[in-house]
Amino acid sequence: MTRAKEFKLPVIISIQNVTELKKQFIDLLETGKSPWTVDWSACQKCDLAALQVMVAFVKEAERKGGEVRFTGPLDPNLSQSIELANFLTIKGNRTVFFDQLKNGGVVCESR
Amino acid sequence: VNPGDKLKNVFKEEAGELLDQLEGYLLDLEKDPDNQENINAVFRVMHTIKGSAGMVGYQNTNLFTHKIEDAFDMVRKGKIPFNKEIADLSLEVRDLITQLLAVEDDPDDELKALLSDCLKKVDVMVKPGMPEVVPITDKTEPLTVPVRESAKPERYENNFCLKFRPPEDVFLRGIRPLSHFDELQVLGIVTVVSHLDNIPPLKDIREELCYTSWEIFVSTDEDRSSIEKVFKFVSSPDELKIQQIQDVRFADGETKKLGQILEEKGLITKEELETALKSQKRIGEVLVEENRVSRSDLEAALKEQEHLKKISDRKAASTSGSIRVGTERLDKFVNLVGELVTLSARLDQVARKTGDMELESVAENLQRLMEDLRDSALGIRMVPIGEAFNSFRRLVRDLSLELGKQIRLETEGGDTELDKTVIDRLQDPLMHLIRNSLDHGIESPARRSAAGKNPEGTITLSAKHAGGNFVLTIHDDGAGLNKERIHKKAVEKGLVSKDANLSDEDIYKMIFMSGFSTAEIVSRVSGRGVGMDVVKREIDSLGGHISVTSREGEFTKLSFTLPLTMAIIDGLLVRVEEDFYIIPLASVESCLDMEEVMKSGADKEGDIIQYRGHFMPFFRLRPFLNYSTEPPEQEQVVVIRTEDSLYGIVVDQVMGDHQTVIKNLGKTFKDARSFSGASILGSGQVALILNVTILGRLWQESTGSGK
């Protein structure tokens, strides 16, 4: 059985490199298998442009009948700003990403 | 009191409450470090204390709190994670602020050194993000405090709903929308709902465009302009719509229903709402299934409902129509009510003597009103025990760490009310007992694990009302009491004879004897045998009694049964010669005629009678209180039941029940242990209140009789 490839996010994902990120996500969806795993542990900065691409990536994965799993730990500064913007809520030791999409099972465990 | 001092007193009182809240938030954060709401609450407490301290001219408190607030702002912003070190430091800060307030912001050299050390630790914690801290000196300059940082608590008077839809090209204009939510949070409580529906599929997305919009609920004491300042970059009114939410709740106190929120937002019509309400399913599900609202709009409405409920509950908790009244003023009020009760009883007596029907009727009505007034006055003094319980959380945390134990404090029945005076007097005994449980009751984690127990021990404080009394229980799941060891120690100390026939509880209760301790090692925490007897004495003086149960290796449970109030009690009025005495009705089991008792076979000169199939000791109050005259032909026996005995007191006459307004006897009578107070009768005569627990013991001691 093929083990799903883990995609490690860079230190910064922002409007500066979001085009590259989009390409990588499209590539990931075309070449890999569900569950697609995204590792947030190195990421320290993420802006709205990058988050929108992330949402689109998750929606696309769901449309394909798969799911995206997120692994961490998430930088506290980052998690706070994302949470405040209601893109993510942290409940206990579980990280529920993209509040609006949680019904689709986009849930991952924080490490 | 000049206005400045009055303001300082109000500040100190409020700061004390805020510091108690702060302690609670910090202890909660230790368990749940990611709880942003608590982190914000800590920040707000610091912020309020800082501002208020500045207002009343407490420069040292102001400066110290200012530094700490800055440091905690970094925690709030996620620049420093909340961890155990920060918890310890924050609790230290809390204690130092308490000390600063206690010395009226005028620290001595020792406290100054502690404050400076603490600031250095804070400096290390926040480096490199913080500038070097300035140690506190006498010459510290006061900070300029903006008006809004006043002593008034946050009431969240204004509730706003913001619809924020940035222009598509917002990124290209160098604006970062997410950063503004953080600024909003400083204003009060913020709930953000993001609408992501417009984000196109991955392949179609244009990365440089913004597709997201938000609904933001802000509850604040600030006005609309403060919110507008946060969004000053907004160039078109279409980007930001601010609407004030007028009614947080309905008049009946109910939170707004989801349907009403959706209707107010114009997302559904009244007819659509009525149709949906007819369905058996949840209204939200129905409306989404029928495509009347989007899931995103539903989510936003639910969040709004949640937000409004949170604010409404907070307001209810913080205001609930209450006003702050000083304890002294309250005591004076209750005392005056007591005087009125006495006067009303006197009027009743006078009215009966005169035989004037009209006067009698007035006196009777007045007495009925007085009963209501008395109950209301006593009700004002009743406060929930929960606050007292919470004050022990810190004790348990700190001592557990010091002792290397894992101990959790659980509380039940925190809403149970008790007279504030009683609660205050319970504080020290409770603290002592909890320290004992921590030190001697709960075992070390290793020992607990070896015994197959959870390494984490639990101390449970619970309270309830039972039969007109207040019952307080302290339960620990520790090692329990060792009966044999307690008995052996008591025999060694000569507290009990080796052959005495004792029940388990009799043995357990020996821990309350003066100088008794089975602890092998005297620790700093407890174990000197000093204190348990003081606990017992305090409970006795409150008119309460203690029961102890335990199972070795499993648990120890101490229960205190206490009267609900110490101000006015139901008493039984008795007479000896021309003097009157009051026996607390809660201790009276029954009243008997001495003649009837004699018929049942008791010796008139003896001290044992048959009572309900048991032998019961009794004694005459006359000789005990040094009356030298002859008793009347007909005497009466009042049967008393205390925590540890059943006995009879022979009096000349039982007069009947009496609403007893308790007066302190004062220092002159401090050695008169048989009496717990006095009360003034309707006739103006003074009646002494018998302390039946002590009285029974003194009599036993004087005759050498056992139980």
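Letters A, B, ... are given to chains in the order of the sequence lines, protein chains preceding strands, and every chain is numbered from 1.
In this structure the side chain of A:Phe25 never reaches within 4.5 angstrom of the side chain of B:Lys203, judged on heavy atoms. Counting heavy atoms from C-beta outward, B:Pro201 and A:Glu60 have side chains that approach closer than 4.5 Å.
For the pair B:Leu202 and A:Phe57, the tightest heavy-atom approach, listed with the atom from each and the gap, is CD1-N, 3.9 Å. Here the closest non-hydrogen pair linking B:Pro200 and A:Ala56 is O-CB, 3.7 Å.
By the 6.0 Å contact criterion, NZ on B:Lys84 is enclosed, its count of non-hydrogen atoms from other residues, nucleotides or ligands being greater than 12. Heavy-atom neighbours of B:Glu456 CD from other residues, nucleotides or ligands within 6.0 Å: above the threshold of 12. Within a 6.0 Å sphere centred on CZ of B:Arg397, other residues, nucleotides and ligands contribute more than 12 heavy atoms.
The line from CG of B:Leu196 to CD of A:Gln52 is 8.0 Å long, rounded to the nearest 0.5 Å.
Per-residue heavy-atom pair counts under 4.5 Å with chain A were compared for B:Leu209, B:Leu172, B:Ile205, and the maximum is reached by B:Ile205. Ranked by heavy-atom pairs under 4.5 Å with chain B, the first of A:Thr19, A:Leu21, A:Asp47 is A:Thr19.
Only the side chain of A:Ile15 comes within less than 4.5 Å of a heavy atom of chain B; its backbone N, CA, C and O stay farther away. Proximity to chain A (any heavy atom under 4.5 Å) is shown, for B:Tyr211, by both the backbone and the side chain.
Using a 4.0 Å cut-off between charged side-chain N and carboxylate O, B:Glu208 and A:Lys22 make no salt bridge.
A donor-acceptor pair under 3.5 Å is absent between the side-chain atoms of B:Glu207 and the main chain of A:Ala49, judged by distance alone.
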